[in-house]
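Down below is the structure, laid out as structure tokens.
Quick note: numbers below take in every heavy atom, side chains included, and nothing from hydrogens, waters or symmetry partners. The chains referred to below are lettered A, B, ... by the order of the sequence lines, with proteins before strands, and numbering in each begins at 1.
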Amino acid sequence: MKAYKPISIDFFKKDTIKVSKELLGKVIVRKIDNKTCLAGKIVEVEAYIGEHDPACHAFQKVSGRSSVLYEEGGTIYVYFIYGNYYCFNIVTENKGIGCAILIRAVEPIEGIDIMREFRPKIKNIHDLTNGPSKFCIAFDIDKKFNNQKLSENGIFVSDSQIKEKFEIKTSKRIGIVKGADFQYRFFIKDNPYVTKHKFNK
DNA sequence: TATTCGATGTGCT
DNA sequence: GCACATCGAATAC
């Protein structure tokens with residue numbers, strides 16, 4: 001098992017778009033116990049900006065589940081959607097702003113056998129984590145992580161030890177209606193673990 | 001291969 | 001009620 005080290009929480013306390021781009025290529029690590037470690041390279045994210053973005057759950061209001069979005073950068077926001085699935089977000093900026101980044105896809109690096117146990121029907125490794133809820137299932141993430149801090153519950157972001165160059169592509173976000181015109185989706189060009197979509201060209 | 005559609009919890013009106 | 005930051009099985013071609 002590689003010795004992944006968490007990056008500083010301050011990394012998340014700045015401009016959401018900037019953090020989104022810098023997150024690409026980094027590694028998200030999930031330690032289940034002392035023996036088991038899941039890791040994946042972040043290849044696709046979306047930004048949600050509470051201040052001016054009607055698609056953001058925190059848009060112009062602080063209430064209910066969205067209050068987590070107003071916590072300080074580095075807080076985890078997990079929400080339940082469509083009666084079946086979870087999505088994993090990392091809050092950005094300082095307390096009281098209301099922004100977050102949705103992790104949409106990762107490239108499995110470590111613990112792939114464990115991910116397959118969580119997703120037994122999946123045969124093609126490319127389909128293991130190429131979607132926000134697929135990632136949550138493969139990494140065993142659910143609402144118990146909501147409103148926790150990164151690095152305090154066995155889940156954190158680490159710098160990749162494999163330095164490689166890649167091109168960042170931008171597109172409209174996927175699966176939303178309100179605020180759909182914002183170019184807030186960022187992904188690694190030509191990476192096979194990015195969600196399949198017409199915006200990828 | 002492309003498109004449609006069912007499942008179904010939670011928060012907001 | 002109804003909409004929703006999804007997935008994958010079923011259906012249509």
Protein within reach of the bases, or only the backbone? For nucleotides 3-13 of chain C, mark each nucleotide 5' to 3' as B, S or -, using heavy atoms under 4.0 Å.
-BBBBSS----
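- The NZ atom of A/K196 sits 17 Å away from the P atom of B/dT3 (whole-angstrom rounding).
- Screening A/I103, A/L23, A/I9, A/V29 for a side-chain contact (heavy atoms from CB on, under 4.5 Å) with A/V157, the sole residue that qualifies is A/L23.
- Across the protein-nucleic acid pair, A/N146 atom CG and B/dG11 atom P stand 10 Å apart, rounded to whole Å.
- The aromatic rings of A/H197 and A/F199 sit tilted relative to each other, their planes meeting at an angle between 30° and 60°.
- Between A/F186 and A/I17, some side-chain heavy-atom pair lies under the 4.5 Å cut-off.
- Secondary-structure stems of DNA chain B, taken as three or more successive Watson-Crick or G-U wobble pairs (i with j, i+1 with j-1) under a 3.5 Å distance threshold, comprise B:1-7 with C:6-12, B:9-12 with C:1-4.
- Counting heavy-atom neighbours within 6.0 Å of A/K123 NZ, excluding the residue itself, gives a total of 12 or less.
- Paired with A/F145 under the rule side-chain contact (heavy atoms from CB on, under 4.5 Å), one option of A/D140, A/I76, A/L150 passes, and it is A/I76.
- Contacts classified as salt bridge (Lys or Arg N to Asp or Glu O under 4.0 Å) and involving residues 147-156 of chain A (residues at least two apart or in different chains) are not found.
- Using bins of under 30°, 30° to 60° and over 60° for the plane-to-plane angle, the ring pair A/H57/A/Y77 lands in the perpendicular bin.
- Under the 3.5 Å distance criterion, with hydrogens and angles disregarded, no donor-acceptor pair is assigned to the side chains of A/K196 and A/N200.
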